[in-house]
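Down below is the structure, laid out as structure tokens.
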Number of protein chains: 2
Amino acid sequence: MAKRTRVTRPKAARIADVAQLAGVSVATVSRTLARPEVVIEETRLRVLAAVRDTGYMPNISARNLRVRKTMVVLVAVPDIANPFFAEVLQGIDDTLSAADYGLIIANLAGSPGKEARYVDLVCAGQADGVLLLCGHVMRSPDRDLRDARVPLVAACEYIPGEKFPQITIDNVDTAREAVGHLIKLGHTNIAYLSGPKSNILEQQRLEGYRQALREAGIAADAGLILRGDFTFRAGVEAGRALLALEPVARPTALFAANDEMAIGLIKTVHTAGLQIPDDLSVVGFDGIAYADYCEPTLTTIVQPRRDLGATAAAELISLMTNGRAGPRKDIKLPATLMLRDSTRAPRRSPS
Amino acid sequence: MAKRTRVTRPKAARIADVAQLAGVSVATVSRTLARPEVVIEETRLRVLAAVRDTGYMPNISARNLRVRKTMVVLVAVPDIANPFFAEVLQGIDDTLSAADYGLIIANLAGSPGKEARYVDLVCAGQADGVLLLCGHVMRSPDRDLRDARVPLVAACEYIPGEKFPQITIDNVDTAREAVGHLIKLGHTNIAYLSGPKSNILEQQRLEGYRQALREAGIAADAGLILRGDFTFRAGVEAGRALLALEPVARPTALFAANDEMAIGLIKTVHTAGLQIPDDLSVVGFDGIAYADYCEPTLTTIVQPRRDLGATAAAELISLMTNGRAGPRKDIKLPATLMLRDSTRAPRRSPS
DNA sequence: ATGCCGTATGTAATCGATTACATCGTGACG
DNA sequence: CGTCACGATGTAATCGATTACATACGGCAT
């Protein structure tokens with residue numbers, strides 16, 4: 001005599017179950033949930049009660065199939081463990097979830113096969129748009145993100161020759177400012193610790209370094225360019241290289257293409273007895289949280305990380321909703337030089 | 001005279017398009033892709049050619065709807081910007097993608113409304129399983145993750161009173177080992193820098209601290225317990241508190257409930273002139289990369305971060321495929337004490 | 001009284017794939 | 001020679017929601 005329909009319910013409730021319980025059609029249930037104002041109060045209350053009683057949740061796959069949208073965007077990140085990207089992601093996440101979009105994070109670090117899987121995912125209609133933080137348009141063996149017919153937006157790393165919007169900072173200009181700061185302090189013997197040659201950010205920051213020297217009438221010295229790859233370890237190696245030089249031959253200042261290398265370098269030369277900033281001034285790039293934690297604190301270019309993410313996300317949302325959006329495609333955000341304890345005028349007078 | 005069917009194709013190809021082009025039925029196309037061995041070679045080649053020509057990719061929403069699976073798992077992370085979790089995520093990602101599962105990262109940091117949205121997502125059938133790194137079972141206003149009828153697995157933070165598998169380290173035991181190391185060095189005046197009171201990890205590490213003291217016959221002194229909250233800033237505050245004490249009243253060693261606080265504290269007291277480890281030995285907990293970058297390098301408990309993630313992911317996969325899995329539910333992974341430069345025997349003889 | 005309009009709701013087509021079941025040959029075996 | 005089995009493929013039901021269109025009803029104007 002038990003009410004068997006209620007007692008045994010192994011599976012999740014469907015819209016038809018709600019409709020039956022409320023004594024209305026499925027269309028009415030759907031409308032009640034999507035546009036409550038079009039059903040009269042009495043029905044609405046009956047439906048909502050039935051929704052509560054059944055614990056109904058619309059099946060998202062079914063909805064996506066029908067409306068041909070997913071309300072999801074994919075974000076391609078070179079390495080999620082990199083604190084810089086973690087903060088950009090925060091900005092993206094905030095903006096996207098405020099607009100009721102979900103977020104799939106494609107962490108490209110690790111096995112290279114991942115990239116292809118994510119491309120296929122998007123091509124299979126599992127995302128309405130893609131945010132590229134990774135400096136290139138992703139591809140799978142026989143497909144390309146552009147085949148996916150969804151809007152793309154790039155941020156952080158500029159991708160030359162593409163027609164979608166790109167949200168970046170002006171790396172050339174900002175690097176020039178960083179090196180200009182060292183020059184204003186009186187340094188003329190300024191080294192550069194580079195990123196990987198093929199990386200666009202590296203190329204731009206190097207260009208900024210060169211421009212600053214040129215403007216100050218300082219001759220570029222290829223021997224002052226140390227090769228790195230953006231990792232802490234590369235900073236350590238570069239530090240060792242500096243220590244191996246005769247003290248008089250050492251530069252009095254160094255501009256690192258990112259903070260992690262700067263910190264690795266500082267740590268190494270500091271342990272070996274060099275004083276920072278007295279013996280060597282160091283400027284970094286990025287403004288990661290650790291730049292303010294280390295000893296001494298690091299003078300660096302602070303990128304507007306959250307803002308980069310938020311702006312890129314906003315741009316993508318506008319593309320996804322308006323089809324084609326406004327006229328301006330490339331947006332440059334301001335980055336600022338943050339003066340801290342790792343820079344000072346050179347101790348020995350130059351030359 | 002142009003072949004209009006090929007020239008104008010604004011939308012993505014559907015399985016019916018492939019079938020038509022190959023001159024077979026949709027069933028055959030589906031079978032060719034899912035179980036190639038059941039169709040004869042000739043048809044298979046025709047179908048595969050048609051797939052290539054059309055650029056066909058199966059629509060995943062449609063498939064998910066039909067097979068009632070998504071091949072996606074949701075991972076709830078307290079804060080993605082925390083490097084500890086970033087590495088756990090790597091382990092999860094590797095294991096999951098090797099098994100062809102996708103991954104949605106639910107970053108709980110930021111607006112509290114997010115948690116609810118993710119719960120609804122799972123209840124709406126958008127994930128086949130959930131990995132909880134966040135120390136609690138997530139809820140939305142009128143739902144709970146347990147209502148979602150998908151397997152759950154917890155990792156990193158133990159959730160008491162739950163029946164799903166939990167992959168953690170033995171925090172009590174490991175904290176005891178860390179403090180035991182200080183005791184073996186000869187310290188008797190050992191402070192503890194805590195996490196937030198309500199956090200389970202904090203409670204367990206505090207318990208380990210107490211056990212170590214008790215076993216060594218050292219009386220616990222409530223004045224030696226400094227309140228923190230796992231942030232760098234809390235470490236700085238605690239450092240200031242130590243500096244405010246009379247030098248003779250200061251502890252000779254300190255155990256911090258995590259690395260970030262330990263590093264904040266070291267930085268503060270070091271800048272004020274205290275020598276680490278000579279004036280104060282410090283042990284941290286977690287083993288984040290920065291523990292090896294800072295000055296001095298930090299003696300700490302290294303958690304098997306990747307392994308925690310990989311093991312939890314493997315357990316979840318087994319639950320998702322076998323329904324109920326093996327008998328063992330709670331797995332403890334070994335964490336190891338990494339000796340570095342922040343600990344040493346006390347300078348002044350104890351007592 | 002008739003016809004028309006607007007409002008609330010119901011009916012059924014639709015999204016695109018998977019798959020149970022039906023069909024059609026073909027070869028083997030009694 | 002008939003039937004049976006099996007292998008390859010086709011037909012159509014199905015997953016669960018959204019929504020265009022149909023219907024029914026009440027009120028209002030003529």
Side-chain angles (χ1 to χ4, degrees), chain A residues 9-48 50-51 54-72 120-121 123-126 128 148-149, chain B residues 9-48 50-51 54-72 120-121 123-126 128 148-149:
Chain A
R9 185 170 347 104
K11 306 266 78 188
R14 301 171 333 277
I15 196 173
D17 302 328
V18 177
Q20 188 180 1
L21 183 57
V24 298
S25 73
V26 294
T28 300
V29 175
S30 181
R31 278 190 286 252
T32 304
L33 266 21
R35 300 187 304 285
E37 70 280 5
V38 305
V39 304
I40 65 175
E41 167 118 5
E42 192 228 320
T43 357
R44 187 189 332 145
L45 293 178
R46 274 220 315 284
V47 169
L48 292 178
V51 166
T54 53
Y56 169 72
M57 288 256 21
N59 179 305
I60 297 191
S61 295
R63 167 185 299 163
N64 289 350
L65 173 59
R66 180 63 229 250
V67 304
R68 299 150 152 285
K69 297 205 329 177
T70 63
M71 294 303 283
V72 162
D120 285 352
L121 201 80
C123 291
Q126 279 301 86
D128 295 341
R149 309 164 177 289
Chain B
R9 187 174 341 109
K11 305 267 77 187
R14 302 173 332 276
I15 196 173
D17 302 328
V18 178
Q20 189 180 2
L21 183 59
V24 298
S25 72
V26 293
T28 301
V29 175
S30 181
R31 278 190 285 254
T32 305
L33 266 21
R35 300 187 305 284
E37 70 279 5
V38 305
V39 305
I40 66 174
E41 167 117 6
E42 192 228 320
T43 357
R44 189 190 330 148
L45 294 178
R46 275 219 317 284
V47 170
L48 291 178
V51 166
T54 53
Y56 169 73
M57 289 253 25
N59 179 304
I60 297 191
S61 295
R63 168 185 297 164
N64 289 349
L65 173 60
R66 181 63 231 244
V67 305
R68 299 150 152 285
K69 297 207 329 176
T70 62
M71 295 303 283
V72 163
D120 285 353
L121 202 80
C123 291
Q126 279 302 86
D128 295 341
R149 310 166 175 287

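Chain A is the first sequence line, chain B the second, and so forth, proteins listed ahead of strands; every chain is numbered from 1.
End-to-end axis angle of the helix from dA1(C)-dT30(D) to dG30(C)-dC1(D), from C1' rotation axes over five pairs per end: 70° (rounded to 10 degrees).
When atom types are taken as modelled, the side chain of Thr54(A) and the backbone of Ala50(A) share a donor-acceptor pair closer than 3.5 angstrom. Between the side chain of Ser30(A) and the backbone N or O of Val26(A), no donor-acceptor pair lies under 3.5 Å. With hydrogens and angles ignored, the 3.5 Å screen pairs no side-chain donor or acceptor of Thr43(A) with any backbone N or O of Val39(A).
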* Asked: Do Asp128(A) and Thr70(A) pass the side-chain hydrogen bond (donor to acceptor under 3.5 Å, both in side chains) test, and can you show the C-alpha distance, the side-chain angles, and the key distance before you say yes or no?
  -> CA-CA 6 Å; Asp128(A) 295 341; Thr70(A) 63; 3.1 Å; yes
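The two residues Gly23(B) and Arg46(B) have their closest heavy-atom pair at O-NH2, 3.9 Å. For the pair Leu65(B) and Ala62(A), the tightest heavy-atom approach, listed with the atom from each and the gap, is CD1-CB, 3.7 Å.
At a threshold of 4.5 Å between non-hydrogen side-chain atoms, the residues Asn59(A) and Arg63(A) do not count as touching.
Between the CD atom of Glu37(B) and the C1' atom of dA8(D) there is a distance of 13 Å, given to the nearest Å.
Annotation: the span from Asp120(B) atom CG to Ile60(A) atom CD1 amounts to 8.5 Å, rounded to 0.5 Å.
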* Quick one, give me the B/S/- string for nucleotides 14-19 of chain C, reading 5' to 3', where B means a protein heavy atom under 4.0 Å from the base and S means that only happens at the primed atoms, P, OP1 or OP2. => BBBBBB
